[in-house]
Structure formats: C-alpha cells, structure tokens
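Chain identifiers are assigned alphabetically (A, B, ...) following the order of the sequence lines, protein sequences preceding nucleic acid strands; residue numbering begins at 1 within each chain.
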Amino acid sequence: MILPEQDISVAEAEPNPMLSLLNDEQKQAVLATQGPLLVLAGAGTGKTRVLTTRIAHILLTKLAWPGEILAVTFTNKAAREMADRVSSLTGASQSLWMGTFHSIGAKIIRRHAEKLGLTSSFTILDEDDQLRLIKAILAEKNIDDKSLPPKLFLAIIQSWKDQGLTPAKVNNPGDTQAASGHAVSVYKAYQDRLRQLNATDFGDLILHMLTLFTEHQDVLQEYAKRFKYILVDEYQDTNVSQYLWLRLLASYHKNICCVGDDDQSIYSWRGAEVGNILRFERDYPDAKVVRLECNYRSTPHILAAASALIANNRGRLGKTLWTPVTEGDKIHLKSVWDEGEEARYVGEEVEQLQRKGTDLKQMAILVRAGFQTRAFEERFLTLGVPYRVIGGLRFYERAEIRDAVAYLRVIASPSDDLAFERIINTPKRGIGQATMQQLHTTARAINNSLYHATVHLLQTGALKGKLGQALDKFIQGCERWRSQIGVLPVSEITELVLEESGYRHMWQQEKSPEAAGRLENLKELARAIGEFENIGAFLEHVSLVTEAAGNNDSNDMVSLMTLHAAKGLEFDVIFLPGWEEGVFPHQRALDESGTKGLEEERRLAYVGITRARKRLFISHAANRRIYNQWQSSIPSRFIAEIPQEHVDKISGGLYNAPKPTQRAWQDEVASIMSASSKPAASEAKFSKGTRIFHQKFGYGRIQSVSGDHLEIEFEKAGHKKVLADFVEKA
DNA sequence: CGTTTTTGCCTTTTT
DNA sequence: GGCAAAAACG
C-alpha cells in the first residue's frame, strides 16, 4: 500500500502557497507523509501549523480522502482548532476522523457496541456516578468504606484501565493485593454493573476499543485499512492503552505521525507515559524524527530561562530552542512578604501594563493549584479589574445542570438507574432511605431497572398514599415527556421538564443568593440543548465536553488558571506566583513520586515559562497560610535554576543586592532558603511520652507522633488525635 | 423523612 | 477556616 514517491515530488514541483509559510524543519514534517514520523515540537515552534498543513497537504495531493485520515488530540479545544484550520486551508473538514481520544472512542464503540455487551445508546458516566457505583459495590461486599474509601478504588481501577488492563488481565502480585486484596473483585463487579447499566466510564472509551481490536481481528482490519494516515497530537501525554491502540491502528499502513514534546509531559498522574515518546524510534524502527526548534513565541531571555531550567532534567530527548527575536525584557523576579502582598503586586503590574496599552486578555496568571486563584480574585474584585477563571467551575459539573441532565437521561433511557437515583427525590417527593430500599429490592426481584420497579410497584398498588401519588405523578410526567421526543424541539422538552417536574420551582423557592444564578444556568442549558439534533447527541456532548460557559474571547479580561490548564496557550504577559518549595514544586509530588515527581514539576515550570511571549513575572512569598496556619516558606529551587543574567530582581524584596556571578546567585538563594526554613515544629518539640497541655482536653501524654498529628492519652478526656499546634509542653 | 449538628477533609494537576 | 457529607436529632 505504499504510495509512489512521485506523489511527494509532485507536491514539491508545484509549490503550494501554504508550504511557503513554513521553515525547513516544518516543511520536512509536512512532506514526510510515508512511514512513521516523530515530530519533536518544542514550545512555540508551530506544531499546530505543521499538523494542519500536513493534513491539508495529504488531502490536496489526493494521497487520501478525508475519511481515511485519523487525527487525535487530547482536548476538544485542540480538536476544534485543528478542524477550523484544516477547513480554512482546504475548504472542508467534515468527514475527517478528528477528535479527542475519548470522542473517537465513543464513536467507534457505538458502532460495535453489541460486541462489547452494550447497546449503541450506552451512556458515559462521570466521576460522581462512578463513585456512587463503587460505593454501592463496597456496601454489597461488606467492605468498610472508611478505611478503604471509594476514591481509592476508583483511582486503582482508573490506573488499570490506563494501562490497558481488563479485570482478567490484572495479575501482578502487587496489583492483586491492592486495597487489601479487594481491588480486583471490586473492579470485576464494577465492570459488570457498568454493562448492566449499559454504561461506560472514561477509561472504557479507550479500553473497550483496545478489547474490540484485539478480540475481533475483522474490526481491527477494517479500521487499520481505513486509516491511511494517522496523526497524534501531544503524544507525550498518551497512556499505555492509547499507545497500544495506536500501534494496532498503525500496523497496516504504518503512516503514523506523532507530534509531541517530552519536556511538556505533565500528566503522568493521569496515566501518561513519557516512555511512549522516548521509545518511538524503537517501536517504529524505520521512523523519521524531525525536531522543531525555532521558537516564534518568546523573547530570548524567556527562552533561555526555560531552556536552562529544563536542562536539569535527565532522560530527555533533548532540543535546543532558538529564536529569531533579539530583544526583550528580562524575567521579573519579586519576593514578597505574604500572599496578600503578592496579589497586590500582581494587581499593580496588571494595571500598569494596562495603562501602557496591553490588553487584559493578553495577561494570564498561572498557578500550581486551583485554590491559589482566590487571593488574586479577591484583589481584582477590589481593584475592579475584570478577570475570568478558566477551568474552575465547569458548566456541566454544577449541581443544577447535572440534575437537569439526569432528568433528560431518565427520559431518554428509563433504565439509567444512576440518573434516576439522582433526581427521584429532587425536588423533594418524600422518598427516603426506606422507599429507595424497597425500589432496589423490587428491581432486583423483577431483574429490571429502578424505573420499571417503580412502575411495577405502582401497578400492583404497593405504593399508597402521598408517596404513591408523588411517584405516580413522576412516572406519568416521564412518560409524557418521552412521548414528546421527536415531536417538540429538544430545548422545548427541556423547558417542559424543568417546569412540570417542579425542579425550577424548587430553586425559585430558595432565597439564597446563588439561586438566581442557578436559574440562569438552567436557562442557558435549555438554550444550549437547542443546538443539538436530539437528546442523545446532547448527552454525548455533555459527557465528553467540559467547557466553561460563556467563554467569550472578545471580552477584555485577565485569565486565571492552573499551569496544567495553560498548556497549549500563550499570552503576552505571564505571571507565575507562588514559586515556593512545597507549593511549587508541590510537596505531594515530591513525597509520592520523588525524583520523577520533581522532574514533572520542573516540566510544569517549563510549560509555565514558555507560555509568555513578551513579559514574565515570577514571584514568591516568604509566608503563606496553609490550612489556616501561617507557614514560612522558602523560594522554589526552580528560581535558582534560572541563570541570573536573564533575571531582573525587583527591589523591595529579599533579593535587593545584585550579585555578580551565577555562583553567588545560587548561594544567595541557598542562604535565604536556610535562613527562612523553620525548625520542623512538631518533630523537634514533641516526642513519644512527652507530657502536654491542651486548651480543651487538659493534660495528657503523647502516644505517637506523625508529622503534625499527635495521638494523645488525656488524663480526663481520654484518647484523642490532635494537631501539634494545639498543644504545649506541660 | 427532613432538619440540625458534627465531622472530616481539604489544596495538585483532568479527558 | 470552609465546605460537604455523615450522623444525630426531632
């Protein structure tokens, strides 16, 4: 199936205008259509342009039809962007297989659902549903969910799915003993329940495809032959499942082009394997590798800082980024007293830049963890600076939206027990534990869903009085609403449901300040549904797309987001606050993953720095409040890893005196680090057997110490677990 | 069954 | 210190 070489030279002979926009490396990456290709694309080197031009090139030179090209991304945004740019280059992109791993997975699984024990109308569960399911399983199996919380099982199951392990394939001694040996049987039960519910979770969208391809050669053949060209974005983020799936798909034509940057691998906690990209040349022996190293985004100082920082990581494929730009500010570094001062400082800089003519939408504040946005939000509110938090509260995760969606799920598929349970008593219909128990028992007895159990009980007259009336009204409503499917437009059905179920009324009754916003959201939901063909299409969208509502790019606002959310974005001005040990690098990353964790944190720092086009502000506070306790903190080691010649220290902080050499610079950071490091409070002060006094519990003796947590036998109050800060030596 | 009180956990990052 | 889930109470 290898196509003749001439095809490529034809393209070169008739220079294509879009190719003239590319540099030599980018052209190589576009024109090397045949065989495996790895494009190592450093930050800001134009990888999206390469990907889209490559697709356009394949289409325009007739190497393949749109339906024979598969392009996978990780985010819907990336997919949409790619589709837009391809269609502007070629005029059309509809029939391309372009989307996220998960949306492509859903599409393929729906086509072959019966081979996996599902029907094509299967639902996709969110985390909430998953946890409720696991909780029910734990209860059934009499597993104590205090010592072994559902979240633990979910994490284990997810990581197995990321690794391509079905329950039957979990065999490692370490794995089989996970969660006191219960994890495998819970996983099995969980998968059984999913199948009964005709449901999948996110991991299944990949894992089922893998199963489908390995157990049904004919299906694999169909797709492997169909996709003449495969393109993968952000290859460094693929997990084992995705990796295996891609290898199967590429086994026939072997035209797979993976684009990625090992230095931007920041999702290992979600199962991503940097090894996939590091191993590419071994997996595909005749692979070509193209490095994109010319950065068109950032100024030299910013780029040099990022390069020097990331050079501290081991096991990189290695790239040398350079930029044709010659001028630009150094990185601004500021030391502040506490987070309040940090927010004031950032606020001032933002206002000053705005006065000088920089749009607010060209500025972003990137934090390590979501909660850090709060200090800045408060500051911006008092200053009256418009801002938006990206990725904070997502539209479809709000309670009222999830409730409304649950109604639609029950109407679309009455056997959706999880949705049924969510809304059967919302608004209040007087259904409590006892009634739910009865419904569950009946459902099991008639081997049917909760919905049908309810119908059954109503018919047999087992539900009487107020309860029976309420349930009857509910069922009648559902039947009536369902009968409107295909008759009324979906947005009108939604309105009808919200009105007649009493759900909207419930919020209208509530006088809390959020209620008005919730009603607004419900309106917005009904409007959004109108854009879909049918309820099914909408429900799929809800499960796969997590977008902030009303993301108007036209509004001039400062953006606040996590470093993870910032990947793939760029701004003229970037603020990176909170560069302190423990915050960034995050303590938990260090504790749980050691050097590997530290290197991923460093890659995160690299991602953060390289988001900036013109100006970069890094800051750290000497004191920070954590769990409502003041803690002194020391500057992040990453600050010391940035060569001094690229840094401008802003006066008023700890870094006042300029130091001439890199060595002295590092010494200075080190001295600050040791000067402000506090003695480990509890360990030094308290040990086993120490007699102490507690304001509330009185005198006692320490039984054990672990970090700040003390176990104390009090003379009057008995055995208690207490934080070290609440006790003093007696 | 619904309300109030208490606890416990949080603050890593998410398709 | 704040929020959500669980427990206790009415």
Separation of [N] [atom2] from [X] [atom1] (nearest whole Å):
X       : N       : atom1 : atom2 : value
K161(A) : dT14(B) : NZ    : C1'   : 16 Å
Q130(A) : dT14(B) : CD    : P     : 16 Å
K596(A) : dT13(B) : NZ    : P     : 20 Å
E127(A) : dA4(C)  : CD    : C1'   : 15 Å
Q372(A) : dC10(B) : CD    : P     : 17 Å
M436(A) : dG2(B)  : CE    : C1'   : 17 Å
E601(A) : dT11(B) : CD    : C1'   : 13 Å
Q437(A) : dC1(B)  : CD    : C1'   : 15 Å

Counting side-chain heavy atoms from C-beta on, which of [options] comes nearest to [X]?
X       : options                  : answer
R270(A) : dT15(B), dT13(B), dC1(B) : dT15(B)
H586(A) : dT11(B), dC1(B), dG2(C)  : dT11(B)
H564(A) : dT13(B), dC1(B), dG2(B)  : dT13(B)
T75(A)  : dT14(B), dG2(C), dT15(B) : dT15(B)
T435(A) : dC1(B), dT15(B), dT13(B) : dC1(B)
W269(A) : dT13(B), dT15(B), dG2(C) : dT13(B)
R588(A) : dT14(B), dT11(B), dC1(B) : dT11(B)

Measure across R422(A) and A399(A) and return the closest heavy-atom pair with its distance rounded to 0.1 Å.
NH2-O, 3.5 Å
Identified stems (criterion: three or more consecutive Watson-Crick or G-U pairs, under 3.5 Å), DNA chain B
B:1-9 with C:2-10
Pick the closest DNA chain B nucleotide for A565(A) and for G432(A) by heavy atoms, then say which residue is nearer the 5' end.
G432(A)
For dT15(B), is there a stacking contact with F74(A), counting only centres under 5.5 Å and planes under 30°?
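No, aromatic ring not over the base.
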Within the stacking criterion (centroid distance below 5.5 Å, interplanar angle below 30°), does F202(A) stack on dT15(B)?
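Yes; centroid distance and tilt both under limits.
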Look at the rings of F474(A) and F420(A) and say which category their plane angle falls in: under 30° parallel, 30 to 60° tilted, over 60° perpendicular.
perpendicular
Name of the residue among N312(A), L309(A), I609(A) meeting side-chain contact (heavy atoms from CB on, under 4.5 Å) with F638(A):
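So, applying the side-chain contact (heavy atoms from CB on, under 4.5 Å) to F638(A) and each of N312(A), L309(A), I609(A), only L309(A) qualifies.
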Salt bridge or not between [X] and [Y]? Use side-chain N to carboxylate O under 4.0 Å.
X       : Y       : answer
E339(A) : R624(A) : yes
R374(A) : E378(A) : yes
D262(A) : R603(A) : no

Give a yes/no verdict on a cation-pi contact between R270(A) and Y267(A), requiring under 6.0 Å between NZ or CZ and the six-membered ring centre and an angle within 45° of the axis.
yes
When you measure from the side-chain N and O atoms of T562(A) to the phosphate of dT14(B), is any distance below 4.0 Å, counting only OP1 and OP2?
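So the side-chain polar atoms of T562(A) do come within 4.0 Å of the phosphate oxygens OP1 or OP2 of dT14(B), strictly under.
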Indicate, with a heavy-atom threshold strictly under 4.0 Å, whether [X] touches base, sugar-phosphate, or nothing.
X       : answer
H102(A) : base
K567(A) : nothing
N425(A) : sugar-phosphate
I266(A) : nothing

How many angstroms lie between atom CZ of R132(A) and atom CD1 of I137(A), to the nearest 0.5 angstrom?
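Separation between the atoms: 13.0 Å.
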